S.K.: 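Attaching a single structure in structure tokens format; questions to follow.
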Amino acid sequence: MKKKADGSFINNLYLYREAWSLDKRRVLGEWWMSLTGYLMWIFGSIIFIKYLLWCLENNRPAHEAFTFLVAAMLIECAVGTSRTWFWKYYRPLSANRMYTAFSMRLFERARNADLANYEDPCFYNSYTLAVKEAGARMESVVKNIPEIGAATLSAVSVTIAMGSIDPWVLVFIVFPVVGNFVFGKRLNRLNFERDKKVESHRRKVTYVDRVFYMGEYAKELRLSKIGSALRSTFETGLVGMLETFKRFGFKSPSTNFVQNMFCYVFNFEGLFLYGTYLAIVRKSISLSDFAVLASGVVSGSWMIINLSTAIVELMKNGTYIANLRTFLETESEIRDKDGASDLPGEFETIEFRDVNFSYRGQTKKAVGGLSFSLRPGEKIALVGVNGAGKSSLVKLITRLYDPSSGTILYNGRDIRDLKLAQYRKLFATAFQDYRIFSLTVAENVLMRPLAPSGTSEGIAERRLVEEALADAGVLERVKSLSAGMDTVLTREFDDQGAVLSGGEFQKIAIARAFAQDFEIALLDEPSSALDPIAEYRLYENMMRRCRERTVIFISHRLSSATLADRILVMDGGVIIEEGSHAELMRTGGAYADMFRMQAERYVVDNYRTFAEESI
Amino acid sequence: MKGKIKVSRIKFRTLVSNIGFLFRYGWKSAPLFLLAALIYPVYQQVLIFFEHTYSIKFFIDSIQYGRPFGPVLRYICVIAVLVTLNLAFGAFFGHYFKPLSLEKVYARMRRDFYTKAAEVDLECYDDPEYYNDFVWVLNQAPERFQTTLDETCSIIGAIAAISCAGVFIVFTDPAGLLFVAFSVVTTTWAETKLGKLKFALDRERSAGQRKQSYVSRVFYTADSAKEIRLTPVSDRLFGEFKTSGDEIRTAIKKHAPAQVRFGIFSDLLFQHLPLEFFYSFWVIFRVLILHNLSYGDIVALLNSSNRMKNCLERIASLVSEYNTAALFVDKVRAFLNRPPRIASPAKPRPLPESKWEVTLRDVCFCYPGSDRLILDHVSMVIPAGKSLALVGHNGAGKTSLVKLLMRLYDPTSGSIFVNGIDIREFDPAEYRARVGVIFQDFQLFATSVAENVVMESTAADDRRNPAIEMSLERSGFSGRLSKMKNGLSTQITREFDDLGESLSGGEAQKLAIARVVYKGAALSILDEPSSALDPISEYQLNETMQRASEDSTVVYISHRLSTTRLADRVCLLEGGRIVEEGTHEELMDADAAYAHMFNLQAERYRPPEARINR
């Protein structure tokens, strides 16, 4: 995964352009907010005071000062009104509009990203962060860039105003610049180093947090004293953290001290000294000029401090946006090629030709030199020990991954030349690690919104869902829910949502496959959480529903393999045996061994296993 | 992260008590730090007043009245020294003392939370809402402590600044205080009212925000990646996301105009007019017409009233943050104060030394908060040293029954006895120490092999503990162990140690079985340990488990009836009742539900001519 090497500023501009295309008024409005904010600040702290004192010193008539005050007041009210409106109305509205629109773009990209990326922790982390923080970062960039512009502009104007009184005072404005941009930078580096060292110890603490707080460890924590071992891991981590802090000692504090001396003492006290000297001893500047210098150095310094904070923010955003761009601009490897063609006719064959595949970053082949073909109506069982490559095969055939070498052909055409969406539509899938979404039962089955229940289409859809649920063996349970198939599942955001058992959720996930219009069903251990009766019915129903269709299923319960026309026995990523149940039992290889092992205990005295029979 | 705090408002007394609760953690673990943190902003604000407000008056007066330079020079020097000291302390405090002390505070919180998390009833984990909240609250607590402390310091600082400015105004221009007081009182009122308006909006848009964050999570976590690619569900989720966005914006459009109107009105009437306009008017009037204020006074007075206004705004905005913090603490407290239902009796009975005979008498059980009867008057006896297999449909109550046997829950009515003694009369921790369990979803921990077997801290030099090695031998792990360079002290997982070993599923399971062997459990429970295993691993596991649990009373749950057949007795549960019970042979002869289930499963393992035609 190549990272975008562009500078922070370019990256910020990238997101800024996005924001501009989403809501121009918002982008301009933020400039209005920053500029008027700084202008009001300068006016209140410098211009107003200077004018007032100037009037007094030169004995101007009182009405002049009052007129000025009224004019200033009117302008401020007008500006203030526009700011309140923007702040309380337009900004939150636009923030959500931009977040929604931009997130949709990211989701669109996310659903097309290669699944392989999820195995690359570096990509995955940056990508997770990219989507998770998209809204917040866009807000930050939209506000931060005008802040930098306005702070710079104001700092320069204040500097010019002060410089026109006495050029030497500019020296005092240089102090906070040096403080922040030299010592501030050093401080950040020191703290970064320290945090990195602390992090290695903090990992222990966060690990223990996870174990104590997460449900998956709860049972073991209660049934054993492992908690005591983890507590000592935690204490070790804590001591490590505290010691790291102590070891770094006064390096950070002393740097911070120097930084602040530049930012708050040398400039303020220095200028007070110099200014009073000019006004009292040398008598070279007027009282109002002194007032400008005194408040100018305070506001000017704060503007520079704000500016440096905003620049730090810019840098932070830059790193984040680099991730975001990497994510948005990395081309998926699995996508429609230029000129990808429609599916060449009805499904006739799918053929694996010498397919090799290894997961990213792993040298071991998950699939090595796999060749087989698949015809309409076939029922194929994939059998083998854990890690034999069965699930990888399923992922390859659905093009969640592309082979490292070799080809997969659909009706003789390389599947990489076909339109991805059309190709994937051939399959209905049920995985062991299925997900249930926080939608209604019916939507969880159809995986799309339903037509209104009154329409003929809606009625047909409901019937389809009902049939699928019945065949998956969960219809009765769904009917018992408060709103039947329109009940929302999980309590994610509906407190009335239904939480079903693992087995029931798995059946709903299986119903998905049944409700789909498909050519090939792929079932990866769909029955792992089901009881024997449910499992039996599931396979019966599957075979009945899919009489004309192709089915590939993975199951560790070999009794179901006997239903298959053809069994592929996999080991180490290759097919080591192939044939019908009867053939394989006759050959007496690995499959026969496995089958015998499982069958042994089912055999009641008056029956003998098929395996024994064939010896 | 979900589990966001529900939008609601909180009483003042609860607020104070809740913030106090957070600070007690600070006080107990780092009292000096807490004191310093709370006092430091006062010193800082007083100093800022003398550095930036009073000084300007002093300088301008000196210029106006042509006073000598000496006192000015002295004033600047004293201030410079004080500020330098302040900065030196601030640097030490902010970059050394604070991070160090905060870690100590967090550690204290964590120790409390860990204790509580380990003793809280398992039922809490079954309630997704409670559980999500709970994980979220615990993870957020340290961060929340810090923000609350920072906010408090900020408020203390703001109050100090207001007091300085107030005192100055009282002494220089008592009449001016009227303007300021008017503004303070009305602004406070306006902020409360504005807070209510904001609250109404927050409540109305929170549902939409929850939905948007759910959809966003679906897209950025790996869990749903396959479904997203292989089904059209993403379009449905897009729709949900978009609609929620529309809902949120409708809520804003509905509620924001009132905020805008009121904001403009209160800014003008309570701030701009009294403080900036009338007050400036008044000050200029005193200088120009009454001639009873110096130039320095004007600058300092305008500056002070301005500072007061800013500090008030800051306090107002922090008060609503405080409300969130208090709601947060409510959750923490609710969780810490929840008494565990399963607690040790006053005088626990010693556990029997002999083999266990386990008896269930009329046991009923509902999950807390539900009235669905999971176990319905179950009675049975498992003779000492014998094994029992529990079979039945999904949802028949098997897993709940073993949870009762482990005392992770107590029966709603009825009792469980071990050798005639109600298990509630034992200390739960001691009791559980004699129960060995293997789950399908067992976990390995990122510690040494030895600790993963013993499941409590062991001495670091425990490299060759014969008892542990024996257990690993019996569970079939010794082959893998001999390949480990550091033997029993080898770290499991690479979580902290790059040389840590990762184990395959089968190996991990053997390590987990060694736990039960080592424990010398009087009661062993095997809850579907083989469901994810291939036939060969399953076969080996069955062999191992048989050997491992030779001396104890055993309860099996398995959907593979070939496994349950090994048990001395089989018990078929349906709808929370025992419908059949006996040896495998007896039940097969009875030819009822169990036999049907068994035959169904066995059928395809038999040669075709032997299959029962139905």
Side-chain angles (χ1 to χ4, degrees), chain A residues 62 73 81 84-85 88-89 92-93 96 100 107 110-111 118 128 131 212-213 215 217-218 221 223-229 232 238 245 252-253 256-257 260 269 272-273 276 279-281 287 385-386 435 447-448 491-493 503 531-532 536 556 559 562 594 597-599 601-602 607 610 613, chain B residues 59 63 69 72 76 80 87 91-92 95-96 100 107 114 117-118 125 128 135 138 210-211 214 219-220 222 224 227-228 230-234 236 245 248 252 256 259-260 263-264 277 284 288 393-394 432 443 447 451 455-457 534-535 539 559 562 565 597 600-602 604-607 610:
Chain A
M73 182 69 219
T81 301
T84 308
W85 175 81
K88 292 193 191 299
Y89 186 85
L93 205 60
N96 182 268
T100 306
F107 297 165
R111 74 167 159 180
Y118 290 90
T128 307
V131 182
F212 271 99
Y213 300 161
Y217 299 94
L221 220 48
L223 294 168
S224 73
K225 292 182 182 144
I226 192 71
S228 64
S232 65
L238 178 68
F245 275 123
S252 297
N256 177 246
F257 174 68
N260 286 346
E269 266 58 62
F272 290 157
L273 205 62
T276 45
I280 298 174
V281 182
L287 197 145
V385 295
N386 298 351
R435 285 286 141 184
M447 300 295 261
R448 57 181 153 85
R491 298 218 185 115
E492 197 69 49
F493 43 73
D531 61 64
Y536 183 88
H556 283 318
S559 57
T562 61
M594 275 198 265
M597 242 179 223
Q598 261 189 358
R601 298 212 179 86
Y602 282 111
Y607 302 118
F610 194 76
E613 182 122 309
Chain B
F59 301 151
I63 299 168
F69 189 53
V72 174
I76 294 174
L87 292 183
F92 163 76
H95 290 268
Y96 181 83
L100 198 67
Y114 291 165
Y125 289 86
V135 173
L138 296 189
R210 228 168 120 184
K211 279 189 198 166
Y214 166 73
F219 279 95
Y220 68 67
S224 318
E227 274 92 350
I228 295 289
L230 296 175
T231 73
V233 74
S234 51
R236 171 70 186 83
I248 292 173
I252 297 174
Q259 283 185 42
V260 173
I264 291 171
F277 190 66
I284 297 169
L288 286 181
H393 291 275
N394 293 111
R432 287 176 190 157
Q443 300 287 337
T447 70
E451 287 188 339
M455 296 292 269
E456 62 183 304
S457 25
D534 60 71
Y539 186 84
H559 284 320
S562 56
R565 200 189 156 189
M597 233 179 189
L600 214 53
Q601 233 178 35
R604 295 203 186 92
Y605 286 107
R606 292 175 188 144

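On a predicted model such as this, the values are computed, not experimentally measured, just so you know. FYI, side chains are in, hydrogens and waters are out, and symmetry mates aren't considered; it's all heavy atoms of this structure.
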S.K.: Please classify the contact between B:T231 and chain A as side chain, backbone, both or neither, with a heavy-atom cut-off of under 4.5 Å.
M.R.: side chain
S.K.: Out of B:T447, B:L138, B:I284, B:L288, return the one with the most heavy atom pairs under 4.5 angstrom to chain A.
M.R.: B:L138
S.K.: Under 4.5 Å heavy-atom distance to chain B, tell me which part of A:S232 shows up: side chain, backbone, both or neither.
M.R.: side chain
S.K.: Taking the side chain as every heavy atom from C-beta outward, state whether A:Y213 and B:Y114 have any atom pair closer than 4.5 Å.
M.R.: yes
S.K.: Determine whether a donor-acceptor pair (N or O, by modelled atom type, separation under 3.5 Å) exists between the side chain of B:E451 and the backbone of A:A229.
M.R.: no
S.K.: Heavy atoms only: give me the nearest B:I252-A:P92 pair and the separation to one decimal.
M.R.: CD1-O, 3.6 Å
S.K.: Who among B:A80, B:P232, B:S234, B:A91 has the most heavy-atom pairs with chain A under 4.5 Å?
M.R.: B:A91
S.K.: Quick check: closest heavy atoms across A:M447 and B:R236, and the distance to 0.1 Å?
M.R.: O-CB, 4.5 Å
S.K.: Could you tell me the separation between the CD1 atom of B:I228 and the CZ atom of A:R435, rounded to the nearest 0.5 Å?
M.R.: 11.5 Å
S.K.: Please identify, among A:N260, A:N96, A:T84, A:I280, the residue contributing the most non-hydrogen atom pairs under 4.5 Å to chain B.
M.R.: A:N96
S.K.: Just to verify, what does A:F272 make a ring pair (Phe, Tyr, Trp, His ring centres under 6.0 Å) with, not counting sequence neighbours?
M.R.: B:F59
S.K.: Looking at B:V260 and A:Y89, what are the two nearest heavy atoms and their distance?
M.R.: CG2-CB, 3.7 Å
S.K.: Which heavy atom in A:A279 sits nearest to a heavy atom in B:I63, and how many Å separate them?
M.R.: CB-CD1, 3.5 Å
S.K.: Which atom names give the shortest non-hydrogen contact between A:P253 and B:Y96, and what distance separates them?
M.R.: CG-CB, 3.8 Å
S.K.: Check ring pair (Phe, Tyr, Trp, His ring centres under 6.0 Å) between A:F257 and all other residues, then give those that pass, not counting sequence neighbours.
M.R.: none
S.K.: Could you tell me which non-hydrogen atom of B:Q259 sits nearest to which non-hydrogen atom of A:K88, and how far apart they are?
M.R.: O-CD, 3.8 Å
S.K.: Answer with side chain, backbone, both or neither: which region of B:I248 has an atom nearer than 4.5 Å to a non-hydrogen atom of chain A?
M.R.: side chain
S.K.: Considering only heavy atoms, which portion of A:L93 lies under 4.5 Å from any heavy atom of chain B: side chain, backbone, both, or neither?
M.R.: both
